[in-house]
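All values below come from the heavy atoms of this structure, side chains included, with hydrogens, waters and symmetry mates left out. Both counts, for ligands and for their atoms, begin at 1 and track the order of listing. This one's a predicted model, so the numbers in the text were calculated from it and none came from an experiment.
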Amino acid sequence: MKKFLIILNAIILPVILCACVSCANFQSSDEGHSLWFKTSNTNVVKNVDKSDADTASLNIAKAELKQYGKSEDEVELSLLSTKDKNIGDQGYTIDASDSSKIKISANTQIGLLYGTYAYIRNDKTGQLKNNVVTETPSYNNRILNHWDNLDGTIERGYAGSSMWKWEELPNKTRPEYEEYARANAAIGINGAVLNNVNAKPEILTSEYLEKVKTLADIFRPYGIKVYLSINFASPKHLANLDTADPLNPQVIKFWNDKVAEIYNYIPDFGGFLVKANSESQAGPQDYGRNHADGANMLADALKPYGGIVMWRAFVYSPQSEDRAKQAVEEFQPLDGQFRDNVSIQIKNGPVDFQPREPFSPLFGCMNKTNIMPEVQITQEYLGHSIYMAYLHPMWKECLDSDTYQYGSGSTVAAITQGKLRQTSISAIAGVTNIGDNANWCGHDLAQANWYAYGRMAWDTNATSQQIVEEFLKLAFSDNEDFVSKVSGMMLDSRETIVNYQEPYGLHHIFEMNHHYGPGPWDVLSRPDWCPSYYHKAAADGLGFNRASTGSNAVSQYNEPLKSLYSNPETCPDELLLWFHHLPWNYKMKNGETLWNALHHKYQAGIDSAKSYIDTWDSVKQYVDNTRFNRVREKLVRQAKDAIWWRDAQMLYFQTFSNLPFPSDVSPTQKDLEWLENFKLDITNYEAPKIEDLPDYKLD
Ligand code: BDP
């Protein structure tokens with residue numbers, strides 16, 4: 001018997017233990033639905049009493065701690081009776097100096113909820129410090145923009161259909177609504193614009209407002225306010241007025257009445273997001289008025305209730321010689337004319353969410369107007385839900401950019417957070433990548449972008465590395481080998497996409513119908529929708545001349561950037577062809593010709609994309625099979641696409657450069673004629689099917 005026990009100890013137990021250790025590395029195969037919670041069992045939280053607004057958020061916080069296995073003796077939540085100014089109305093203090101009795105305190109319930117999520121996150125990811133930490137958010141309003149249409153499609157959405165089942169609401173709700181709210185609260189997101197910026201007037205009918213109210217009621221205990229995108233011509237569609245002129249008394253009355261109705265349904269409604277006079281949307285310019293006239297009319301209607309207007313600066317017209325200049329041209333002259341409850345919502349770059357753009361110069365030239373950044377979480381220009389692209393480095397590049405508006409240190413983040421001048425709105429917006437797919441975001445690793453957006457909006461100083469490591473530990477595994485390998489490839493992924501799609505400042509060279517894959521040759525009805533408008537490939541070279549000899553877009557930047565960007569010798573390599581048109585044999589800083597340097601960047605992109613497959617294979621043991629296989633299939637496709645991009649761009653450019661491919665790059669697999677004739681049959685509401693993509697081989 002004893003002998004048997006010894007054998008058991010020596011052989012069998014280690015095997016069992018070993019099996020359990022490797023079990024611990026595996027997540028339950030829930031198709032990634034549980035996001036950063038590791039378990040989709042949310043019953044404890046769902047079943048808490050949320051009927052009383054004064055205790056609902058606190059009850060959720062308590063339930064989260066319970067679900068995490070902590071008693072009230074181990075972690076104490078205290079609502080401060082004397083307000084602590086340093087904490088504000090969203091912040092919290094975590095006192096972990098005594099690890100047997102953690103104290104979380106805040107001025108508000110929602111502060112306690114955020115503190116609870118932060119405590120759990122820090123504890124799970126090994127970041128809990130044995131001291132007292134107070135945290136407040138970088139931006140007060142951390143908003144998701146859903147580009148969801150009322151018919152269930154999502155503009156530029158690649159994770160299925162809209163989560164909002166309008167046809168079922170308000171009578172039927174889905175568990176996902178609350179799961180969504182919880183997932184957001186856990187990363188600090190506190191606002192959601194529910195519908196597409198290309199808005200249908202119907203969203204403002206009472207029928208829809210009742211549905212919106214139902215969602216708002218579910219989100220409220222999690223601290224999430226609801227906002228709506230509006231169609232500027234709504235008074236014409238909904239009230240049969242023959243105008244939507246913002247100075248017309250009947251139009252003003254329409255909006256005042258509508259806003260009163262909305263607040264009747266939703267007392268804490270956040271406000272409106274407006275896309276006006278952009279891409280055929282109605283706007284004040286249709287009536288000879290300007291953006292301030294339009295925004296202020298809406299702002300006045302919202303003001304008594306505390307609502308805000310987020311007025312988008314995404315404007316361009318076919319007449320403009322350089323689309324990149326138009327936002328500054330239209331908005332800068334209006335600086336100081338906007339109400340204090342208006343914020344101008346500015347895309348990170350001056351064109352349109354390209355894999356790399358310089359920051360929009362509009363961030364550095366408004367002195368008396370609230371402005372806020374808009375980033376894109378959905379991967380419209382970065383491979384939809386097929387490419388692995390961790391986007392935090394791209395957004396942070398913009399937020400950390402120095403505009404020099406008030407001297408050195410005038411970063412986009414500091415300006416938009418109101419650190420350098422008086423502002424009355426502190427907000428940031430991110431266009432979501434969420435749909436009704438079981439894993440929410442299409443690509444399992446694209447959840448990292450939703451996560452990173454929330455964490456960044458809360459803390460703009462957190463590094464890309466810290467955030468991706470947190471995500472991987474929370475959503476996959478905290479195994480060190482796994483985290484270091486996968487975070488490495490994710491941190492690198494955006495630059496890899498820049499390299500194989502549009503290196504050295506090239507931009508907007510997509511198949512223009514759906515923005516997936518290359519289309520440098522595309523010809524469309526509007527010149528500013530054609531790739532050739534942006535790359536300007538010709539016998540004499542490549543790139544857009546935005547220096548003083550060209551469109552002079554450089555003049556919209558403050559010194560020293562204006563001089564730096566003006567001269568190709570000092571312009572950063574990564575923005576070279578954004579600002580300059582240069583000969584094919586232009587000598588680059590590294591001594592290569594432009595032609596060869598382009599080749600080598602594409603090749604670097606191809607090589608990195610291929611290497612991600614090996615990296616992923618090397619962590620197979622830490623990932624459940626479902627997610628492992630799904631991600632792998634996409635990584636393989638991404639590497640093939642990298643070659644496709646190179647073939648298309650460089651063979652097309654070769655028709656102008658007439659130069660040979662260098663001998664040290666991998667061979668092309670398709671010819672130009674084949675590539676030009678290849679067409680993907682998809683709309684701007686879906687990602688392509690992998691089997692429909694060009695047949696490429698990886699060696
Ligand atoms: C572009 C998209 C388009 C959006 C537009 C916008 O291609 O679908 O409607 O931005 O931001 O990137 O309004």
Side-chain angles (χ1 to χ4, degrees), residues 143-151 153-159 162 193-200 203 227-233 272-283 285 291 294 310-318 320 323-324 326-327 330-331 343-357 360 362 372-385 389 391 394-395 398 428-433 435 449 501-502 507-517 519 522 524-526 528-531 533-534 680 682-688:
I143 303 173
L144 285 180
N145 288 185
H146 289 263
W147 283 0
D148 293 23
N149 297 314
L150 304 186
D151 67 3
T153 56
I154 306 178
E155 182 148 346
R156 314 300 177 185
Y158 313 110
S162 171
V193 183
L194 299 182
N195 61 320
N196 191 357
V197 286
N198 297 318
K200 288 262 180 288
I203 189 71
Y227 301 73
L228 292 176
S229 295
I230 57 122
N231 182 308
F232 199 79
F272 293 146
L273 172 62
V274 194
K275 174 175 177 178
N277 293 121
S278 159
E279 297 184 331
S280 323
Q281 292 298 312
Q285 292 171 354
H291 292 292
M310 295 164 287
W311 189 271
R312 295 178 86 227
F314 179 64
V315 290
Y316 63 98
S317 66
S320 175
R323 168 175 168 180
Q326 200 165 330
E330 281 191 32
F331 282 88
S343 185
I344 305 303
Q345 183 166 313
I346 308 170
K347 288 190 181 181
N348 58 287
V351 170
D352 189 11
F353 297 138
Q354 298 302 293
R356 172 161 280 117
E357 296 193 32
S360 165
L362 192 55
M372 59 186 280
E374 174 182 318
V375 298
Q376 197 179 38
I377 308 169
T378 190
Q379 293 169 228
E380 174 178 358
Y381 294 102
L382 290 103
H384 296 186
S385 49
L391 301 180
M394 178 169 85
W395 307 326
C398 170
I428 183 166
V431 181
T432 71
N433 59 352
N449 294 326
Q501 285 191 178
E502 303 179 301
H507 51 288
H508 229 305
I509 319 189
F510 295 84
E511 217 294 5
M512 293 310 289
N513 288 327
H514 43 67
H515 298 166
Y516 187 94
D522 266 11
L524 284 137
S525 52
R526 271 177 64 163
D528 54 342
W529 285 344
C530 297
Y533 174 98
Y534 302 95
L680 265 177
I682 50 170
T683 68
N684 62 358
Y685 303 138
E686 59 188 332

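- For W147, no nitrogen or oxygen atom sits less than 3.5 Å from a nitrogen or oxygen atom of ligand 1, counting backbone and side chain alike.
- Pairing each heavy atom of V197 with each of K275, the nearest pair is O-CB, 3.6 Å.
- Looking at V431 against ligand 1, nothing comes within 4.0 Å, counting heavy atoms.
- Among all heavy-atom pairs drawn from Q281 and A199, the shortest one is OE1-N, 4.1 Å.
- Closest approach of V375 and F353 over heavy atoms only: C-CE2, 3.7 Å.
- Taking distance alone, with nitrogen or oxygen atoms compared against 3.5 Å, K275 approaches ligand 1 more closely than that limit.
- Counting heavy atoms from C-beta outward, Y533 and R323 have side chains that approach closer than 4.5 Å.
- Taking any N or O of R156, backbone or side chain, at least one lies under 3.5 Å from an N or O belonging to ligand 1.
- At the shortest separation from atom 10 (O) of ligand 1 among protein heavy atoms lies K347 NZ, 3.0 Å.
- The aromatic rings of H515 and H508 sit perpendicular, their planes meeting at an angle over 60°, well past the 30° parallel limit.
- Not a single heavy atom of Q376 sits under 4.0 Å from any atom of ligand 1.
- Under the side-chain hydrogen bond (donor to acceptor under 3.5 Å, both in side chains) test applied with R156, the options Q379, E380, Q376 reduce to a single match, E380.
- Contact between V197 and ligand 1 is present, with at least one heavy atom of the residue lying under 4.0 Å from the ligand.
- The protein atom (non-hydrogen) at minimum distance from atom 4 (C) of ligand 1 is E155 OE2, 3.6 Å.
- Nearest to atom 7 (O) of ligand 1 among the protein's heavy atoms is E380 OE2, 2.5 Å.
- Below 30°, between 30° and 60°, or above 60°: for Y158 and H384 the angle between ring planes is below 30°, a parallel geometry.
- A perpendicular orientation is assigned to the rings of F232 and W311, their planes being inclined by more than 60° (bins at 30° and 60°).
- Near F314, with a cut-off below 4.0 Å to any heavy atom, the atoms of ligand 1 are 5 (C), 6 (C), 10 (O), 11 (O), 13 (O).
- Of all protein heavy atoms, the one closest to atom 1 (C) of ligand 1 is D352 OD2, 3.1 Å.
- Atoms of ligand 1 found under 4.0 Å from any heavy atom of H515 (numbered from 1 in listed order, with element): 7 (O).
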